Amino acid sequence: MHPTLAGDLDRLPELLQSVRDFAARELSGIGERPVATAAPAPPAGPLPAAGVGASGALERFAERWGPGFSGSAGPRYLGFVTGGATPAALAGDWLTGAYDQNGSSGGGSTSDALERETVGWLRELFGLTEAHAGAFVSGATMSNTVGLAVAREWLGERLGVSVARSGAAALGPVHVLSGSPHSSITKALSVLGVGRDALRTVPLLGGEREAVDVGRLAEALEALEGRPAIVVANAGTVNTVDFDDLRAIAALKERYDFWLHVDAAFGAFAALSPDHAGLVDGLDAADSICVDLHKWLNVPYDAAVQFTRRQDLQVRVFHNESPYLGLPTGTPDFLHLTPENSRRLRALAAWFSLTAYGREGHAEIVARCAALARRLGEGVAAVPGLRLLAPVRLNVVCLTLTEDPTAERLAALARAVAGSGEAFLTPTVLHGTPALRAAFSNWRTTEADTDRVRDALARAVRDLPARADA
C-alpha cells in the first residue's frame with residue numbers, strides 16, 4: 001500500500017473528525033456567507049505526483065476552492081428550485097459514502113430493501129397508489145427521461161412493436177402534447193430518439209396562466225384520429241407554479257388513447273399542505289410521475305424518484321441481458337429499472353430525513369416556504385419599481401420591473417442582487433416579459449431572510465440605471 005494511503009488509513013478517525021469540524025464551521029456560517037460570488041476561480045494546478053495526504057488535501061481545498069463556493073445550501077439562495085440538506089439528510093449522505101453500497105441490486109446487502117421502503121414512504125407522502133412502482137434516479141431530468149422511456153415502450157405496445165428491440169424508428173411519427181413543458185422534457189425526447197420536434201405545445205388558459213387549456217388538449221387528441229399519444233401534464237411550472245387540471249386530463253382517457261406523464265418535480269409536495277393539496281388532485285391517475293427530491297425534500301444532490309404503473313414495460317426498456325447479472329424477477333433489481341448499472345444509494349439520505357422528521361416535519365417545511373413566498377410577494381408589490389407578474393400560488397415569486405422590463409435590465413437587476421451577497425434569483429421570461437423568479441424550498445429560510453431578500457431587491461431597483469448601458 002502506498003505509504004500516504006496507509007498513513008491516512010491509520011489516522012482515519014482523526015481525519016474524519018477534522019473534516020467534520022471543517023464542515024461544521026462552514027455550515028454554521030452558511031446564513032451569512034455570500035449567497036453567490038463573482039470571484040474568479042484559481043488557476044488550474046498540476047496533478048500532484050506523490051500527493052499530500054487527506055489532511056493536506058483538506059487544507060488546500062479550504063485555501064483554494066472553499067472560498068469560491070456559493071451559499072446555495074443557505075436560506076437566501078432562491079434561484080432555480082434549490083433545497084438544502086436537513087441535518088438528518090446530511091448524516092445519511094455521509095453514511096452513504098462510508099458504506100459505499102452499490103444500490104443496483106441486493107448482492108448480499110439489504111440496501112435495496114431500504115430503497116424500496118423509502119420509495120413506499122414517498123408514494124404514501126404524495127398520495128399515490130400501490131400500483132405506482134418507483135426507483136431513485138439522479139434528478140428531475142433523469143426521472144422525466146425514465147418516465148418517457150416507459151411511455152415510448154407503451155406506444156410501441158399499442159402499435160404492435162417493441163421499441164426496446166426495434167428502436168424508436170419503428171414507431172413512426174410520435175405525438176407528445178403539453179402546455180408548459182419543462183426544458184428537460186425536450187432533452188429527454190432528444191435522448192430517447194423521439195426527437196424534440198415531436199413535442200407539440202397546446203394552448204394555455206390565458207392571462208398569466210401556464211396551465212393547459214384542457215378543451216384545446218381534447219381537440220389536439222381528437223385530431224390524432226385514434227393514434228396513441230403521450231401527454232405531459234405539469235404539476236408546478238417553474239415560473240409561476242401553475243398546475244394543470246390533472247383530474248380533467250385523466251378523464252380524457254375515456255375518449256382518447258394516451259399515456260399520461262406528470263412532471264411534478266417540486267409541485268408534488270403540495271400534497272403535504274392541506275391548503276394546497278387540491279392542486280395535485282388526480283396525480284394518482286398518472287401512468288408515470290417525476291418528483292425531484294433535492295428540491296423540496298431537502299436532501300443533498302443528487303436525488304429524485306420516478307414512479308410508473310407499468311413496471312413491466314420499464315423492465316423491458318432497462319433490463320440488463322447478461323449472465324452474470326441475472327434475469328429480472330418478480331421484484332426486479334434496480335439495475336433493471338434505470339439507465340444506471342452502478343448507482344449510489346441515494347435513498348439513504350431520504351430515509352434518514354423522513355425517519356427523523358416524518359410527514360409532519362416535511363409538511364411544516366412546505367407550509368413555511370409557501371408562507372414565505374407570499375410574504376415576499378407582498379413585499380415586492382410594495383417596492384416602487386417592481387411588480388408581480390403572477391399570483392403567488394405556492395412557493396415561487398415571479399416579478400419584473402414596472403418600467404422598461406427588458407432582458408438586459410432584468411439581468412442587471414439579478415447581478416446587483418447577487419453582487420450584494422444577500423440573495424440569488426434567476427432570470428426568466430413569462431409570456432414574453434423578462435422577469436426574475438424567487439423559489440422558496442430551503443428548510444433554513446425564515447421571515448428575516450425573506451425580508452433581507454426584499455430589501456436587497458429594493459436597493460437594487462433603486463440604484464438601477466434607467467437603461468442597462470447608462
Side-chain angles (χ1 to χ4, degrees), residues 1-30 33 37 39-74 84-115 118 136-139 293-294 298-303 320 322-326 333-335 338-353 355-356:
M1 183 181 291
H2 189 280
T4 308
L5 183 58
D8 279 348
L9 179 59
D10 290 340
R11 295 188 296 273
L12 185 58
E14 294 85 356
L15 170 62
L16 293 180
Q17 182 64 43
S18 63
V19 174
R20 176 261 178 211
D21 292 343
F22 176 78
R25 288 194 299 271
E26 294 291 281
L27 287 174
S28 66
I30 194 72
R33 185 188 188 96
T37 178
L47 171 69
V52 295
S55 294
L58 179 61
E59 292 174 4
R60 290 193 182 184
F61 170 80
E63 178 185 349
R64 294 186 66 227
W65 294 105
F69 277 30
S70 76
S72 60
T86 61
L90 180 59
D93 195 62
W94 280 19
L95 286 177
T96 300
Y99 279 107
D100 198 23
Q101 305 285 284
N102 184 346
S104 292
S105 61
S109 170
T110 59
S111 63
D112 61 326
L114 181 143
E115 179 166 344
T118 310
F136 272 71
V137 289
S138 59
L293 302 178
H294 49 236
N298 280 264
V299 296
Y301 285 99
D302 53 19
N320 285 266
S322 174
Y324 79 94
L325 293 174
D333 286 336
F334 288 109
L335 63 88
T338 72
E340 301 166 305
N341 274 12
S342 300
R343 50 202 297 277
R344 197 169 190 267
L345 185 59
R346 301 181 179 99
L348 187 54
W351 186 94
F352 258 76
S353 203
T355 300

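A quick note: this is a predicted structure, and the numbers were derived from the prediction, not measured.
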May I ask you to test the Tyr99-Leu345 pair for a side-chain heavy-atom distance under 4.5 Å? no
Taking Ser28 for its side chain and Arg25 for its backbone only, find out whether a donor-acceptor pair lies under 3.5 Å. yes
Salt bridge (Lys or Arg N to Asp or Glu O under 4.0 Å) contacts touching residues 85-110 (sequence neighbours left out): Asp93-Arg344
Close side-chain approach of Val137 and Asp302, heavy atoms under 4.5 Å: no
Those residues that, when tested against Thr4, pass side-chain contact (heavy atoms from CB on, under 4.5 Å) (two or more places apart): His2
Applying side-chain contact (heavy atoms from CB on, under 4.5 Å) to Arg20 and not counting sequence neighbours gives Gln17, Ala24, Trp94
Specify the closest pair of heavy atoms between Ala303 and Val299, including all atoms of both residues, with the distance to one decimal. CB-CG2, 3.8 Å
Looking at Asn298 and Gly84, would you say the former's side chain and the latter's main chain have a donor-acceptor pair under 3.5 Å? yes
Please round to the nearest 0.5 Å and tell me the distance separating atom CG of Asn102 and atom OG of Ser109. 9.5 Å
Partners meeting salt bridge (Lys or Arg N to Asp or Glu O under 4.0 Å) with Glu26 (sequence neighbours left out): Arg33
Distance from Leu348 atom CG to Ser353 atom OG, nearest 0.5 Å? 11.0 Å
Parallel, tilted or perpendicular: which one describes the rings of Tyr301 and His294, with boundaries at 30° and 60°? tilted
Measuring from Asn320:CG to Leu335:CG, what's the distance to the nearest 0.5 Å? 5.0 Å
Is there a side chain to side chain contact (heavy atoms under 4.5 Å, CB included) between Phe22 and Phe61? Walk through the geometry before answering. CA-CA 11 Å; Phe22 176 78; Phe61 170 80; 3.9 Å; yes
Give a yes or no answer on whether the side chain of Thr355 reaches the backbone of Phe352 with a donor-acceptor pair at less than 3.5 Å. no
Rounding to 0.5 Å, atoms OG1 (Thr118) and CZ (Arg346) come to a distance of 13.5 Å
Tell me, do Trp351 and Glu115 make a side-chain contact under 4.5 Å, heavy atoms counted? no
Output yes when a side-chain donor or acceptor of Thr110 lies under 3.5 Å from a complementary backbone atom of Ala113, and no otherwise. no
Taking 4.0 angstrom as the limit, do Arg64 and Glu59 come out as a salt bridge? no
Qualifying residues under side-chain hydrogen bond (donor to acceptor under 3.5 Å, both in side chains), relative to Thr338, sequence neighbours excluded: none
If you look at every heavy atom in Pro67 and Ala62, which pair is closest and at what distance? CD-O, 3.3 Å
Which salt bridge (Lys or Arg N to Asp or Glu O under 4.0 Å) pairs, counting each pair once, include a residue from residues 41-50, with sequence neighbours left out? none
CZ/Phe136 to CZ/Arg343 distance, rounded to the nearest 0.5 angstrom? 8.5 Å
Within-4.5 Å side-chain heavy-atom neighbours: Arg11 and Ser55: no
